[in-house]
Amino acid sequence: MKQDLFQAPDYYQLDDLLSEEHKLVRDAAREWVKRDVSPIIEDYAQKAEFPTSIISGLAEIGAFGPYIPEEYGGAGLDQISYGLIMQEIERGDSGVRSTASVQSSLVMYPIWKYGTEEQRKKYLPKLASGEWIGCFGLTEPDHGSNPGGMVTNYKDMGDHYLLNGAKMWISNAPFAQIAVVWAKNEEGRIHGLIVERGMEGFSTPETHGKWSLRASATGELIFDNVKVPKENLLPNKTGLGAPLGCLDSARYGIAWGAIGAAMDCYDTALRYAKERIQFGKPIGAFQLQQKKLAEMITEITKAQLLTWRLGVLRNEGKATSAQISMAKRNNVAMAKEICSEARQMLGGMGITGEYSIMRHMMNLESVITYEGTHDIHLLITGLDVTGLNAFK
Ligand code: TGC
Ligand code: FAD
């Protein structure tokens, strides 16, 4: 069995900025990843399978609804604790963090914020415990960066809604019990609907052949005249702002998560550089390798500070969507660059599953694309600072 030797870098003593509760939550997640994720995740990624055996563990560390109130089964934690949990999970694998992000921010969050009290009571406790897994259907085959153009639609049939359309690239779809689906009504207004597995005309074919996020299950959502009960409509927010509000929460978690992947690659490369001997000395003694390590820890430290500050702003209810975009974009690109440099530092060993680096590197190819691409987040920052819209 693989031993996880991870030691978290904290170059600027950021632990001093955390409360005792933050550290307890973070350390519990860290220990769980070491014990239950690291030993198995490489095999699951190689097999292109999600390890369903870890679902109960994710629930136990509070990864399903960290900030959802305890009365609905959530952990009732603050935004920094939420971020730290995502960091630790993604330190293990971005695909596992995806499952937690989707469950918390894209399924539980809209039910909590936009749903009725009956919907909250029916779904949230089961989602928090991991008894049910959910997925989020926004992206369509012809509408990815531009979700406002979606064609999935529903008609009011009097005693139920009739849903038609298709969603693509949906994390958790192949095994999810419920899907929060975004669709247009007859007036073209976007609403969220809860679709349950087993409803006639609803299918979730799996997407195969991914080179990235292999330990996460991805699929389509197909709606062929699906009868959705009226009580499954999320009534309290409509329009594109509703799904985008969920994305704010998920993107914030990804900003933290990416730091986890970067820390893991840095830590692995640092250890390897001190142990691997070439030309009679450790490769870490060569200036070129030191440059890589020095730049990695600098970038990780900058991202840690950016993200911690964003967490404080979110706790105060002051973080803007554009600030979240900046952190998601910066941190994922930072992590991707660090993984690539770390992979080179391990030479041939860097391409094997003996080490986590190549898996992280490939995973981040999805992370830089989903939840808004690198370019889309740059345009969000561009719009925010200029007031000029370059999207369309
Ligand atoms: P635009 O006209 O700018 O906005 C439409 C309405 O939405 C509001 N809004 C937001 N509300 C909350 N949070 C945000 N971040 C918001 N951004 C915009 C806006 O105020 C407006 O409201 P209202 O009341 O005036 O109608 O919309 P647009 O059509 O120009 O598009 C803007 C754009 C491109 C930024 C947006 O559509 C976008 O973010 N595109 C990227 C799509 C995306 O991120 N998809 C992610 C799919 S889910 C996923 O990838 C899950 S991965 C699995 C995992 O997480 O692990
Ligand atoms: P496109 O929108 O076609 O973009 C292609 C390229 O064009 C990109 O480089 C983009 O930046 C660029 N581009 C687009 N518009 C502009 C513009 N205005 N200006 C400049 N450049 C532009 N979606 C869900 O709804 N739920 C999920 O659970 C989910 N999980 C996912 C899991 C994985 C593994 C992946 C890969 C994707 C997932 N997605 C999910 C979909 C993801 O959100 C989309 O892939 C993403 O939003 C980009 O859409 P697209 O792939 O259609 O690319």
Side-chain angles (χ1 to χ4, degrees), residues 48 50 63 86 89-90 93-107 109-110 113-114 133-150 152 166-174 176 179-183 188-190 192 204 206-221 237-258 319-326 328-329 332 362-384 389-392:
F50 175 75
M86 295 298 121
I89 297 175
E90 192 147 3
D93 190 81
S94 304
V96 178
R97 197 269 307 133
S98 266
T99 289
S101 291
V102 170
Q103 183 88 337
S104 298
S105 294
L106 302 183
V107 179
Y109 179 89
K113 285 287 179 188
Y114 315 148
I133 292 292
C135 66
F136 175 89
L138 181 65
T139 305
E140 299 187 352
D142 293 329
H143 301 94
S145 298
N146 174 28
M150 70 174 67
T152 298
K167 301 287 178 179
M168 188 178 182
W169 294 118
I170 307 305
S171 302
N172 298 351
V180 170
V181 176
W182 300 94
R189 185 83 183 155
I190 295 172
T204 60
E206 185 157 2
T207 303
H208 296 288
K210 291 181 297 164
W211 284 110
S212 171
L213 231 60
R214 287 172 62 80
S216 162
T218 314
E220 295 167 60
L221 305 176
K237 191 163 167 78
T238 66
L240 188 56
L244 290 177
C246 309
L247 294 182
D248 273 359
S249 175
R251 290 167 176 172
Y252 166 75
I254 292 173
W256 280 93
T320 65
S321 299
Q323 286 169 335
I324 295 167
S325 282
M326 179 185 282
K328 191 269 183 185
R329 180 175 185 274
V332 177
M362 302 300 276
N363 283 342
L364 288 162
E365 291 293 334
S366 288
V367 182
I368 204 159
T369 287
Y370 67 33
E371 299 268 7
T373 67
H374 191 65
D375 291 339
I376 289 295
H377 288 296
L378 176 128
L379 294 177
I380 291 172
T381 307
L383 169 59
D384 198 47
N389 189 335
F391 287 110
K392 32 195 180 187

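Counting starts at 1 for both ligands and their atoms, following the listed order. Note that the coordinates shown come from a computational prediction; the quantities given were computed from them, not determined experimentally.
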Ser94: partners by side-chain hydrogen bond (donor to acceptor under 3.5 Å, both in side chains), with sequence neighbours left out: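 Partners of Ser94 under the side-chain hydrogen bond (donor to acceptor under 3.5 Å, both in side chains) test: Glu90.
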For Glu140, all residues meeting side-chain hydrogen bond (donor to acceptor under 3.5 Å, both in side chains), sequence neighbours excluded: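 Applying side-chain hydrogen bond (donor to acceptor under 3.5 Å, both in side chains) to Glu140 gives Thr152, Lys167.
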From [X] atom [atom1] to [Y] atom [atom2], the distance as rounded to the nearest 0.5 Å:
X      : Y      : atom1 : atom2 : result
Ile133 : Thr99  : CD1   : OG1   : 7.0 Å
Ile376 : Asn146 : CD1   : CG    : 8.5 Å
Met362 : Leu213 : CE    : CG    : 11.0 Å
Arg251 : Ser321 : CZ    : OG    : 8.0 Å

Per atom 35 (C) of ligand 2, closest listed option by heavy atom (Phe136, Trp182, Tyr370):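 Nearest option to atom 35 (C) of ligand 2, by heavy atoms: Tyr370.
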Closest to atom 10 (C) of ligand 2 among Thr373, Asn389, Leu379 (heavy-atom distance):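 Result: the heavy atom closest to atom 10 (C) of ligand 2 is in Thr373.
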Per-atom contacts, ligand 2 versus [X] - under 4.0 Å to a heavy atom:
X      : value
Thr139 : 23 (N), 24 (C), 25 (O), 40 (C), 41 (C), 42 (C), 43 (O)
Leu213 : 34 (C)
Glu371 : 43 (O)

Under-4.0 Å heavy-atom contact between protein and atom 7 (O) of ligand 2: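 No, there is none.
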Any non-hydrogen protein atom less than 4.0 Å away from atom 1 (P) of ligand 2: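 Protein heavy atom within 4.0 Å of atom 1 (P) of ligand 2: present.
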Return the closest protein heavy atom for [atom] as residue, atom name and distance.
atom                    : value
atom 52 (O) of ligand 2 : Gly144 CA, 3.2 Å
atom 18 (N) of ligand 2 : Phe391 O, 3.2 Å
atom 29 (C) of ligand 2 : Trp169 O, 2.6 Å
atom 22 (C) of ligand 2 : Ile376 CD1, 4.5 Å
atom 53 (O) of ligand 2 : Ser145 OG, 4.3 Å
atom 21 (N) of ligand 2 : Asp375 CB, 4.5 Å
atom 46 (C) of ligand 2 : Thr369 O, 3.5 Å
atom 28 (O) of ligand 2 : Ser171 N, 2.9 Å

Between ligand 1 and the protein, which N/O pairs are shorter than 3.5 Å?
{"residue": "ligand 1", "atom": "7 (O)", "partner": "Gly241", "partner atom": "N", "Å": "3.4"}
{"residue": "ligand 1", "atom": "13 (N)", "partner": "Leu244", "partner atom": "O", "Å": "3.4"}
{"residue": "ligand 1", "atom": "13 (N)", "partner": "Asp248", "partner atom": "OD2", "Å": "3.2"}
{"residue": "ligand 1", "atom": "13 (N)", "partner": "Ser321", "partner atom": "OG", "Å": "3.4"}
{"residue": "ligand 1", "atom": "15 (N)", "partner": "Asp248", "partner atom": "OD1", "Å": "2.8"}
{"residue": "ligand 1", "atom": "15 (N)", "partner": "Ser321", "partner atom": "OG", "Å": "3.2"}
{"residue": "ligand 1", "atom": "30 (O)", "partner": "Lys392", "partner atom": "NZ", "Å": "3.0"}
{"residue": "ligand 1", "atom": "39 (O)", "partner": "Arg251", "partner atom": "NH2", "Å": "2.9"}
{"residue": "ligand 1", "atom": "40 (N)", "partner": "Ser145", "partner atom": "O", "Å": "3.0"}
{"residue": "ligand 1", "atom": "44 (O)", "partner": "Arg251", "partner atom": "NH2", "Å": "2.7"}
{"residue": "ligand 1", "atom": "44 (O)", "partner": "Gly372", "partner atom": "N", "Å": "2.8"}
{"residue": "ligand 1", "atom": "50 (O)", "partner": "Glu371", "partner atom": "N", "Å": "2.9"}
{"residue": "ligand 1", "atom": "55 (O)", "partner": "Glu371", "partner atom": "OE2", "Å": "2.4"}
{"residue": "ligand 1", "atom": "56 (O)", "partner": "Arg97", "partner atom": "NH1", "Å": "3.3"}
{"residue": "ligand 1", "atom": "56 (O)", "partner": "Ser98", "partner atom": "OG", "Å": "2.8"}
{"residue": "ligand 1", "atom": "56 (O)", "partner": "Tyr370", "partner atom": "OH", "Å": "3.2"}

For ligand 2, the portion of Ile170 having any non-hydrogen atom under 4.0 Å away: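 Near ligand 2, Ile170 shows its backbone as well as its side chain.
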Heavy-atom side-chain proximity of Tyr114 to Cys246 below 4.5 angstrom: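 Answer yes - side chains close enough.
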Flag side-chain contact, heavy atom, 4.5 Å: Ile380 against Arg329: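 Side chain of Ile380 against side chain of Arg329, heavy atoms only: no contact under 4.5 Å found.
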Neighbour count above 12 (heavy atom, 6.0 Å) for Met326 CE: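 No - once you tally the heavy atoms of other residues, nucleotides and ligands closer than 6.0 Å, there are 12 at most.
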Partner set under salt bridge (Lys or Arg N to Asp or Glu O under 4.0 Å) for Glu206, not counting sequence neighbours: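 If we apply the salt bridge (Lys or Arg N to Asp or Glu O under 4.0 Å) test to Glu206, skipping adjacent residues, there are no hits.
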